[in-house]
Number of protein chains: 2
Amino acid sequence: MLDHTDMRILEELSNNSRLSMKELGAKVHLTGPAVSARVMKLEDEGVIEGYSIKLNQAKLGYFVHAFITIITKSTHHAPYLSFLKTQEGNIVRNYKISGDGCYLLECKFPSNEILNTFLEELNEHANYKLSIVIGK
Amino acid sequence: MLDHTDMRILEELSNNSRLSMKELGAKVHLTGPAVSARVMKLEDEGVIEGYSIKLNQAKLGYFVHAFITIITKSTHHAPYLSFLKTQEGNIVRNYKISGDGCYLLECKFPSNEILNTFLEELNEHANYKLSIVIGK
DNA sequence: CTCTTTCGCTTTATTTTTGAAAGGAGTTCA
DNA sequence: TGAACTCCTTTCAAAAATAAAGCGAAAGAG
């Protein structure tokens, strides 16, 4: 289904999704139209779900990056989930997990003070364990 | 430093980084050359770190997505880190964290069997807590 | 107040890329 | 042997990117 050339294409586009089809073609030894057809096929099949950018969060004012393991207080999660909707600017992703907790929340904050405020509000809906990202 | 138009540009490129400068310009009410100059500025400043794609991991054969909290056995982490290098295909990211553990490892596997093999090898270097992603 | 510089944009024109169409080579299958 | 299919290349018209020139508003100096 996916051959070696397709994997090379995905690799190159992961590194730089703004390559022109001509440049991408040169990297994988195909012409522009040939590689363009393959990319369209990968999109149609749903292998490529979209094209995005990598942002430097610190340059956007987000200096704190954290993972928070969530243990909701009640058995139904709605209060927690609707709380999240009020905090969209700080949420990167909310993973539903099996294991140590109900959710794993990835989030970002301008400062520890703002993180602290967030945690106080979060604590009305859920218990948590905080992990702050130091590197990599 | 970053005005409202820059934020709009980052937003649009996050949704689709392969927009032509002309299309992007139309969305933020600028001409192609004008928006192109702004994007180049955002790149030069390091706000935009790169352009990438979103891949459907299941379609690539990775059906299991997990976060593993790592507690290294010894005080020096080299054995664990060099073990990771041997497992690159399955590793998404390894975050150094402060909190519950030394690292938070995001990884993907074709099956629970392969995850199990991974965990047995991991356990030679570190203790761990496993969280398997169920959704979102 | 006026002159000058700077900045960010638009317009224009050239170069480059895209994408559609036609055609060729290799493979499969009857 | 040949029909159907796949995947590629070549060709070419249309679209986009890019470089250059110029415009107008804002800021600063005399």
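Quantities reported herein were computed from a predicted structural model and do not represent experimental measurements. Note on naming: letters A, B, ... go to the chains in the order of the sequence lines (proteins, then strands), and numbering restarts at 1 for each one.
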Atom pairs and distances, side-chain donor-acceptor, residues 23-33 of chain B, under 3.5 Å, sequence neighbours left out:
residue, atom, partner, partner atom, Å
B:E23, OE1, B:S20, N, 3.0
B:E23, OE1, B:S20, OG, 3.2

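- Distance, A:M1 CE to D:dC7 P: 12 Å, rounded to whole Å.
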Quiz item: When you check every protein heavy atom under 4.0 Å of nucleotides 8-23 of chain D, what one-letter string (B, S, -) results, 5' to 3'?
Solution: SBB-----SSBB----
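- Checked against the 6.0 Å centroid threshold, B:F83 and B:F118 count as a close aromatic pair.
- B:Q87 CD to B:T117 OG1: the interatomic distance, rounded to the nearest 0.5 Å, is 9.5 Å.
- If you check the side chains of B:Y95 and A:H65, you find no donor sitting under 3.5 Å from an acceptor.
- We find that NE2 of B:H4 is positioned 18 Å from C1' of C:dG8, with the value rounded to whole Å.
- Taking atom CG of A:L24 as the reference point, atom P of C:dT17 lies 13 Å away to the nearest angstrom.
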Exercise. Test A:I132 against A:L115 for side chain to side chain contact (heavy atoms under 4.5 Å, CB included), laying out the working first.
Key: CA-CA 10 Å; A:I132 291 183; A:L115 167 57; 4.0 Å; yes
